[in-house]
Each structure stands twice: as C-alpha cells, then as structure tokens.
Amino acid sequence: MKTSPLTLAARLRTRLFVVLLGFIASTAYAQNSIESVNVSPQPGGKVVIRVGLKEALTTAPAGFTVNNPPRLAFDFANTGNALGRTVQNVSDTDVRRINIVQAGDRTRMVMELSRALNYETQLDGKTLLITLQSGGAAAAAGAAPTRFAEAAPSAQKHSLHNVDFRRGNAGEGRVIIDLSSSQIGIDLRKQGRSIIVDFQNAALPANLVKRYDVMDFATPVQTIETSTQGGNARVVITPTGNWEHSAYQADNRFIVEVKRVVEDPNRLVRQGFAGEKLSLNFQNVEVRSVLQVLADFTGLNIITSDSVTGNLTLRLKDVPWDQALDIILRSKGLDLRKDGNVVWIAPRDELATREKLALESRSQISDLEPTQTESFQLNYQKAADVQTLLNGGGVGGAVVAGGASSRILSKRGSAAVDARSNQLFVQDVASKLEEVRRLIRTLDIPVRQVMIESRIVEASDTFGRNLGVKLGYGEDNRTAPVRNNLILGADLNTTGQLNNVVTGTPALIPGGLQVNMPATGLNGINPGAFSAMLFNQSRSRLLSLELTALQADGKGKIISSPRIITANQNEATIEQGTEIPYQQASSSGATSVSFKKATLSLKVKPQITPDDNVIMKLNINKDSRGADTTAGPAIETKQVTTEVLVENGGTLVIGGIYTQDERSTTTKIPVLGELPYVGFLFKQNSKSDERRELLVFITPKILKDNLNLRQ
C-alpha cells in the first residue's frame, strides 16, 4: 500500500486549491473568521476544544450530533475559515479528526469522534469552548441517550408549543418540535425500532397529545406519538426499514431527522457494523500484516498470538473496519478477546483452552478460599424467603427455573435464619457475600400498596297499569219505592247496598254479572273503582257497571362500594352479607342445617407496572336472597371475574348487564270485546314494563407515604 509520487503531488495540488478557495471565500463573504483550533484532554475523560475567532460571538453556534458514525457538527454563521487548512488530525483523545469547511458566508466544523459523547458550549471573549464528556458506559456502546441541554432541578416548568412534520428534498423525515425555552433538558435514545425523545420537566398541551400517522409523506417515519410521562413530555418516533437519524437544536426549535439507508447489494456491508469504512486490496499477503494495517487504521492495540500464520487474498471496498476484521478472523478460524483498548487475537481453540484453564484455576482458588460469616437484618422481606432464594428457590412463592443450578451461594456456602429477629446469617467466601449483599439491597425494599375501590350500581325502572270492568243486567220484582233511577258510587256492592238495591252478605246483584273482569292490584294495593246502576221506575230491570283501574311507577337505585388496600401482587378479599340456613338431607335420611352465603365481596390481586399502571385480577360478587322454594331459599347472583389494566387513579367500567321485561296482556269476551266504542266494556287490559341495569366500576390508586381509606 505505497503511495506514488504522482499521486502525492496531485493530492498536494488539490489541497492547495481548496485552501486558496477557502481563503478567497472567507475574505469575500465573511465578516468573522476561525483563526485557531486547539484540542486538550482533561482529567476524567473530558476533552476541551478551544476555537479562536477574529471577533467575539454573541451566541454559541447551533450544533447537532450523528450517532452512527459518531459525529458532532457546529455551524458558524457569517464566519470564514482562516486556518489555511480544512482538516486537523487529533491524537490521544476521543476526537480523531476535525474538518472545517466553508460554503459562502457560513463555516461548518465537523468533529469525527471515536464514540458518542455529550457536549457543552461556552463563550469566553473571542474564544468558543466546547467541552466533550462521556455519558457513561452505555453511551460508549451506543445505548445512552443524547443530551442536548440539562434542566436544573429548580428550573421552572417548560412546555412544548407545537409538533410538526415535514419531508426533506432527499426523502428524509423531519420531526420539528417548538419549545418554550432553549434550556429544556432533552434525552434522546433509540429503543427497539423507535426513537424516544423525553423533554425533562416539560408540559404537553392537551391538543398535542395524539398519534400522528405520516405514512403518506413517503419517508422512513411511519408514526409520531406524543404523551405525558410523569412530569416529562415524550415524543416517540417509529420509522420502518433501514434508517439512521440525527438530531440538533437551534434556539427554541428541536429537530429530529430520519433518513433512509440504501444498501448496495454489491457491497459486503452487513447491518450491525458501525466502524469507519475502509478499502483493502491484498494479494497473497500474511494475515499478521493485514492485522497490523487494521491496527494502524483504528488505533487499537492488537496482540497477535504466535500460532496465527498463513496468507490470504482479499479485496474490500467501503467496508466498515470492524466487519473487515470479522471477515479476516472467520476466514482463518481466529477469534479475539478485548481487554480495555487491547485486543488479543488467536485461534479459537487456543482461546477456549486458555479460558477453560483460567476458569478451573479460579474454581480451585474458590475451593481453598476461607469462608466468612455475616448477618443481615431484613426489614421488609421475610428472612426465610431470602434463605430459600439463596439456596435456589424463590421469594414469596415464586419458582426459580433450574433447580439446584440456580443456587446463589457457592457449594461451601450456607444460610441460617433467626425468625424472632428476622435476621439472616450467611457463611460463604467474600465474593459470594458481596453478591448476597447486593441482592438483599435490591430485594429488601418496602412493597408498594394499592387501594382498589369498586362501585356496583343497580338501577331499576318499573311501570304497571291494569284496567278492568264489571258489567251485569238483571231483573227484580221488588216494589220498594225508588228514589233515583241512576245510582253512582264506588264498587257495585257498596253502591247497591247504600241505595237499597242489592242485599245480602256478601252483597248480591240481582241477575249477577255477565262480565266480571276487574283490574288486579299492584304492589299489594287494590285498584280504584267507579260504579253506576241504572234501573226503571218499578225497579224490575237493573243494569250494573263498574270500572276499575290502577297504575304504578317505581324507580330505584342501589350503590355498593367495597374498597380494600393490599400490597403489590398480594391477593386481598373483603366481604359483607349474610349466611342463609337451609336443611340438607343425607343419604341415611337424617337432616342437617347448612348455610349458603349471600354476600357482597371483592377479591383482587393487583400488579403495579413500571409506568405506574395497575393490572388487576378481579372477582366481584353481589348476591342477595331470592324467592323461597321447597328446597330452600334461592340466591340471586351477580358476578364479574376478569383481568384488566387501569391507569393509576383512573376509573374503568369493567362490566354491565341491562335487562328489560315488557308485557301487555288483554283478556276479553270474543266478538263483544272487538266492538267499536263499547268494546272496552267486555275486556281487561294489563301492561307492565320493568327495566334493570347493573354497572360495575373499578378505580385503583397507588398509595404513597401513609395514605388511608379516607383519602
């Protein structure tokens, strides 16, 4: 891989031409210019970049980051490049190279990083200070969130003003979020196939809580969902296909850009490799020489075993260096082990043998290591449960798969329990005792509690109406003087007796009744009656008529509200009612008294989810005594058994029963009951309408501090 003199001369000419163009553009358009760039490492893994400018800046330049590959860019408006170069190489820091490119009156400074880093900017006169620092081990692995600003603990409440989506010229999707302040703390991370952006201590207006479907824009972004998580506002962006994203903030506007990654099928590029791309072209070269080239390119410290031999021929173009290394290792049956920034490469069998020997050595040392005894005071967990867990069981009845292989203590370790003081005594080697100590810190915490309140609402609406008639005609030869030819009154018997028309006990109407279909009573109340008697002067012929009617309306509502407090994932029951006795015969003929429950009960087992929702297994009964039968009293049962997910403090209708019984009955004399106008004199009408509705509501509340049922 030697460079010819002609190629070197061409590169120098191109470099001088670019520098000359940059100098001309800087003097022609820009009023300010970048005059120096210095990189200095600091204690704690920090890197400070000092950018010297001709004139002081009023505000820090807008910056944005790219995670794959890791890049950090700043745009300097109305600023030129007066460095005399466009590339500055950096060593011994996480910054590999700095590119300064000018376009018109704007200059962009791009920093090529070895891993994803957080940054802060500060103006110091004519100098811009850029501080880079690691976000932890997760950030180095690409899993840590990208932080754009840090919100102080006492900062005022911020908010999101608008969420917009646009399609770029190259088909990329841009999610544009307008913020109330540029100081909002922002956490951006990739989770599964989605991008999650959390705005710390920020409110989300109700009109912005929605799910946006942006598939019609023909970008990688499919949906955008906004929600509130505790005191933060969350935006979840869900793309599809192969994509990469970048995010940057300019004043009060935060932009996430998602672009599609088009893979070239002719390239040996596989998703999952994120190293910087390179090209290799070797013919029958030693494997050790190729590994040395990769070490020079990546800056890794590579140690190659003496057993690594052989030659290879390969041609790779624009392939990530980590994929190129993987191809070389697999082709020669090699493997690697990484310890910090040192990589050891050897045949797989050799590495496996060394690791096996190391494990056996550690096992032998553990068998000879002296044991120690330590006591642990448990506050919330039962010591016996933790003892079972250490010996390979579970806590609180949970079953651990694996049996004896899941034992936490070593084969020389043991655990004893003092039930009186709830203390656990463990004897084992020091490393296992530290593991037990960490386990107890995780398990011995107060269990969260939930108050579950249920409301059972029973509503009834009844209506009934009965209409009836009595009609009779008879002849009587009595010649008592007649006071009136027409007699009106209540029921016929009373009317006739008061006017000396009918006699006897019970009173009898002369000639009897041809139609005797009176209205029946409702709810134990007799119907109202109106009667009339019409007869001639000699009272030899008598016509009797009685109309009866009754209507009843009823409305009722029964509300039952059992509530109970229980610990997370513990079943609880509350019950109220009566036990009804009844006689039960045995096979021998003897009878005994048994009891049957008619109760209002609530049985629940809650589970609190990490996002403060509650999953509940519910069994709700509302029983009451029904009609008496020859075998004993009947029990009217209303029961709901289900499993639901409800948000903390939310109310959910988990069940409902609605019944309606509507009846209309007509009893009449054939033919006569069909006559127009007078047909009602020969029939009885009865109508009833009964409606009943049952609704069951459930409300869980996660208790904090010392809340009780009165809250």
Does a donor on one side chain and an acceptor on the other come within less than 3.5 Å for [X] and [Y]?
X: Ser305; Y: Glu350; answer: yes
X: Gln200; Y: Asp187; answer: yes
X: Arg50; Y: Ser36; answer: no
X: Asp94; Y: Ser114; answer: yes
X: Gln229; Y: Asp611; answer: no

Just wondering, more than 12 heavy atoms not from [X] lying within 6.0 Å of its [atom1]?
X: Arg211; atom1: CZ; answer: no
X: Lys46; atom1: NZ; answer: no
X: Asp296; atom1: CG; answer: yes
X: Asp216; atom1: CG; answer: no

Mind listing the closest non-hydrogen atom pair of [X] and [Y] along with its distance?
X: Thr240; Y: Arg260; answer: O-NH1, 4.0 Å
X: Ile608; Y: Asn568; answer: N-OD1, 2.9 Å
X: Phe74; Y: Pro61; answer: CD2-O, 4.0 Å
X: Gly173; Y: Val221; answer: CA-CG2, 4.4 Å
X: Arg167; Y: Ala218; answer: NE-O, 3.4 Å

Determine yes or no for a side-chain-to-main-chain donor-acceptor pair under 3.5 angstrom, with [X] supplying the side chain and [Y] the backbone.
X: Thr226; Y: Lys210; result: yes
X: Ser180; Y: Ser159; result: yes
X: Thr79; Y: Ala77; result: yes
X: Ser289; Y: Val285; result: no
X: Gln133; Y: Leu117; result: no
X: Asn32; Y: Lys54; result: yes
X: Asp322; Y: Asp326; result: no

If the threshold is 4.0 Å, N to carboxylate O, is there a salt bridge linking [X] and [Y]?
X: Glu435; Y: Arg437; value: no
X: Arg97; Y: Glu112; value: yes
X: Arg337; Y: Glu355; value: yes
X: Glu257; Y: Arg174; value: yes

| field | Criterion side-chain contact (heavy atoms from CB on, under 4.5 Å) against Pro700, the qualifying member of Val614, Asn613, Leu645 | value |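 Testing each of Val614, Asn613, Leu645 against Pro700, the sole residue satisfying side-chain contact (heavy atoms from CB on, under 4.5 Å) is Val614.
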request  = Would you check, one step at a time, whether the test side-chain contact (heavy atoms from CB on, under 4.5 Å) holds for Asn99 with Thr86?
outcome  = CA-CA 6 Å; Asn99 302 301; Thr86 58; over 6 Å; no
- [ ] Kindly indicate, with the supporting measurements, whether the criterion ring pair (Phe, Tyr, Trp, His ring centres under 6.0 Å) is fulfilled by Phe165 and Tyr212.
- [x] CA-CA 9 Å; Phe165 180 81; Tyr212 303 83; 9.3 Å; no
Do [X] and [Y] make a side-chain contact, defined as non-hydrogen atoms from C-beta onward lying under 4.5 Å apart?
X: Tyr119; Y: Met111; answer: no
X: Glu55; Y: Leu53; answer: no
X: Val95; Y: Leu132; answer: yes
X: Asp198; Y: Ile186; answer: no
X: Trp344; Y: Arg354; answer: yes
X: Leu336; Y: Leu329; answer: yes
X: Val197; Y: Arg234; answer: no
X: Thr127; Y: Leu129; answer: yes

**Item:** Gln102 CD to Asn81 CG distance, which is reported to the nearest 0.5 Å
**Value:**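 Reported to 0.5 Å precision, the distance equals 6.5 Å.
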Q. Where do Val308 and Arg288 land on the side-chain contact (heavy atoms from CB on, under 4.5 Å) test, with the steps shown first?
A. CA-CA 7 Å; Val308 176; Arg288 303 172 70 90; 4.2 Å; yes
